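Just so it is clear, the model here is predicted, and its values are computed rather than measured.
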Amino acid sequence: MSAGTGRPEDGDESRAAQARAGEARAGEARAGESRAAQARAAQARTAGAVCQECGEPLNAGDRFCEACGRPSDLVVAGAGRRRPAGGAKQTCADCGATAVDADGYCGGCGLRQPSGRDRIELTVARDGTVTPRPAHDGSAAGISDRGLRRSRNEDALALACLALPQPVPASGGRLAARGSMPRDRTPTERLVCAVVCDGVASAPGSEEAAKIAADTGIATLVRRLTLGADPENATRAALTRSARAVAGLPGSDHNSPACTYVSLVVGPDTVTVGWVGDSRAYWLTNEASTTTSSGNGVGGPSTPSEPSTPSEPSTPSEPSTPSEPSTPGGPSTPRGVPNGSNPARPPALLTLDDSWAVQMVARGELTEDVAFADPRAPLLTGWLGADVASVEPHVTTFEPGGPGLVVACSDGLWNHLPEPDALAATALGETGGDDPLGAARRLVQAALDAGGHDNVTVALIPYPPTSGHRPPRPPTEPPREPLT
């Protein structure tokens, strides 16, 4: 600066201007990076990308999961709206205009574009793979249908199957470590999992919420169970991570994407159910129900805990129960119950709805008839979303006692068939539980025939799940004739 003038010299003024310009450019670059990062995060959330290793949501462009450090190629892609490749604009399915916005609405005619999820059928094949191809002898199946009145399918469905090796006695009487069993005998514990989520129709972005919740839930279940977690802890972890993923979707504090959630883990001895909201789980057999149910979801979880039912087959003082099927002239074995097995417990509702009516009945403030006649009866008191104060996962474990079907479904099904006995009669039909895909189709069709007012989603898992035992090797030489 020149002495006594207070003005900078020409060289100083030029350098100051250059510095200011550099700072402006740096600020613009940082702002651009921030906008790009936000856009990538929003894109990833919309697509519902989650780490298949631990279930954490992934941002677009992430090379590794920040939670567990696994490479980001281990992802489960969500059912977010896919934009045409190469930056091409989406064309309206009705008027042909290319003015379709990011939310899927046409700016010309206003039609919300179809998502390609009007009807989804999934099957868990006998080898444990999940496929959209029909397999009537599969070990589980699920269907999600748009219904007859809705313009979109905002339900979501996910299935998985795990075959976990178990220790077996090795030579010398010791237990062999996992993975060290002989090739011709590989006993496994087969666990079949399902997640059904129902997007809340009154909330924006609920289709994405349901899909990311289902994908996150199934990925977390698979990861935790594979690491050896017990089904109840794995179920709680899956539900918690799903709630966190849905809460991270963009939306306002009071109108955010939201969905309900129900999951199943079906093992060789027990069935574990987790839920939030009014999506339900049922146990179905051809046994006649011994209790009268209202179908309102007010007494479901108490049914599995009745002490008398599970103890009857194993009571020493009643030896005739397992031998009855082989007794000449005795009572015949119920359909769906193999000879020699214990009779299954009767059909039952396994969940308790998070709804206003159920809450009023539980508090003793209203009778069941009065509560369910109130217009506020179906209002949710629990769901996944950013606008819920806290998520309280419900988890219960059920011992079936014999063969049957475990069902998870959205309210698009149970609103038409709330009673466990009615569901069992429709699902099992004359074939029992040997065809889960056929049973799922019968249930969905029954809901459509009754009006199909909502999206209809159902997952069915036969109990017990396929054992997973590898068949023995064929003999190297034909068997010899017995000596006479």
Could you go step by step and tell me if R345 and T285 meet the side chain to side chain contact (heavy atoms under 4.5 Å, CB included) rule? CA-CA 7 Å; R345 301 182 63 179; T285 67; over 6 Å; no
For residues E121 and L437, determine if any side-chain heavy atom of one lies less than 4.5 Å from a side-chain heavy atom of the other. yes
Using 0.5 Å steps for rounding, measure from the NZ atom of K211 to the CG atom of L249. 13.0 Å
Could you walk me through whether H394 and D354 pass the side chain to side chain donor-acceptor pair (under 3.5 Å) check? CA-CA 10 Å; H394 309 294; D354 285 322; 2.9 Å; yes
Using side chain to side chain contact (heavy atoms under 4.5 Å, CB included), reason through R119 and V444 one step at a time and then give a plain yes or no. CA-CA 11 Å; R119 174 87 173 198; V444 171; 3.6 Å; yes
Any heavy-atom pair between the side chains of W356 and D374 that's under 4.5 Å? yes
Counting N and O atoms only, with roles assigned by atom type, does the side chain of Y282 sit under 3.5 Å from a partner on the main chain of L405, one being a donor and the other an acceptor? no
Determine whether a donor-acceptor pair (N or O, by modelled atom type, separation under 3.5 Å) exists between the side chain of W383 and the backbone of V200. no
Sequence neighbours excluded, the answer for side-chain hydrogen bond (donor to acceptor under 3.5 Å, both in side chains) partners of R150 is D454
Measure the spacing between CZ of R223 and CG of L221 and express it to the nearest 0.5 Å. 13.5 Å
Could you check whether any side-chain heavy atom of L423 comes within less than 4.5 Å of a side-chain heavy atom of P347, counting everything from C-beta outward? no
Kindly indicate, with the supporting measurements, whether the criterion side chain to side chain contact (heavy atoms under 4.5 Å, CB included) is fulfilled by V196 and D155. CA-CA 7 Å; V196 169; D155 286 359; 5.8 Å; no
Student check: side-chain heavy atoms of V262 and R280 closer than 4.5 Å: no
As an exercise, state the distance from CD of Q359 to CG of L352, rounded to the nearest 0.5 Å. 10.5 Å
What pair of heavy atoms forms the shortest contact from V265 to C193, and how long is it? CG2-SG, 4.2 Å
S410 and D198: side-chain donor and acceptor closer than 3.5 Å? no
About how many Å separate SG of C409 and CG of L417, when rounded to the nearest 0.5 Å? 9.0 Å
Any chance you could measure D269, atom CG, to Y463, atom OH, to the nearest 0.5 Å? 5.5 Å
Are Y261 and V391 close enough, and set up right, to give a side chain to side chain contact (heavy atoms under 4.5 Å, CB included), and what steps lead you there? CA-CA 11 Å; Y261 179 105; V391 175; over 6 Å; no
Which residue is it: T397, L350, V266, V395? I am looking for the one with a side chain to side chain contact (heavy atoms under 4.5 Å, CB included) to V273. L350
Sequence neighbours excluded, which residues qualify as side-chain hydrogen bond (donor to acceptor under 3.5 Å, both in side chains) partners of T260? S279
Report yes or no: does R442 contribute a side-chain atom to a donor-acceptor pair with the main-chain N or O of T426 at less than 3.5 Å? yes
Quick one: closest heavy-atom pair of A258 and A203, and the distance? N-CB, 4.2 Å
Look at the side chain of T220 and the backbone N and O of L239, then say whether any donor-acceptor pair between them is shorter than 3.5 Å. no
Would you name the heavy atoms of N153 and S144 that are closest together and state the gap between them? ND2-OG, 3.0 Å
If you round to the nearest 0.5 Å, how far is OG of S256 from CG of L384? 12.5 Å
Shortest non-hydrogen pair, L460 vs A427, comes out as CD2-CB, 4.5 Å
Which heavy atom of A163 sits nearest a heavy atom of R190, and at what distance? CB-NH2, 3.9 Å
Does any N or O in the side chain of T240 come within less than 3.5 Å of the main-chain N or O of R236, such that one atom is a donor and the other an acceptor? yes
Between V130 and A160 the two heavy atoms that sit nearest each other are CG2-CA, 4.1 Å
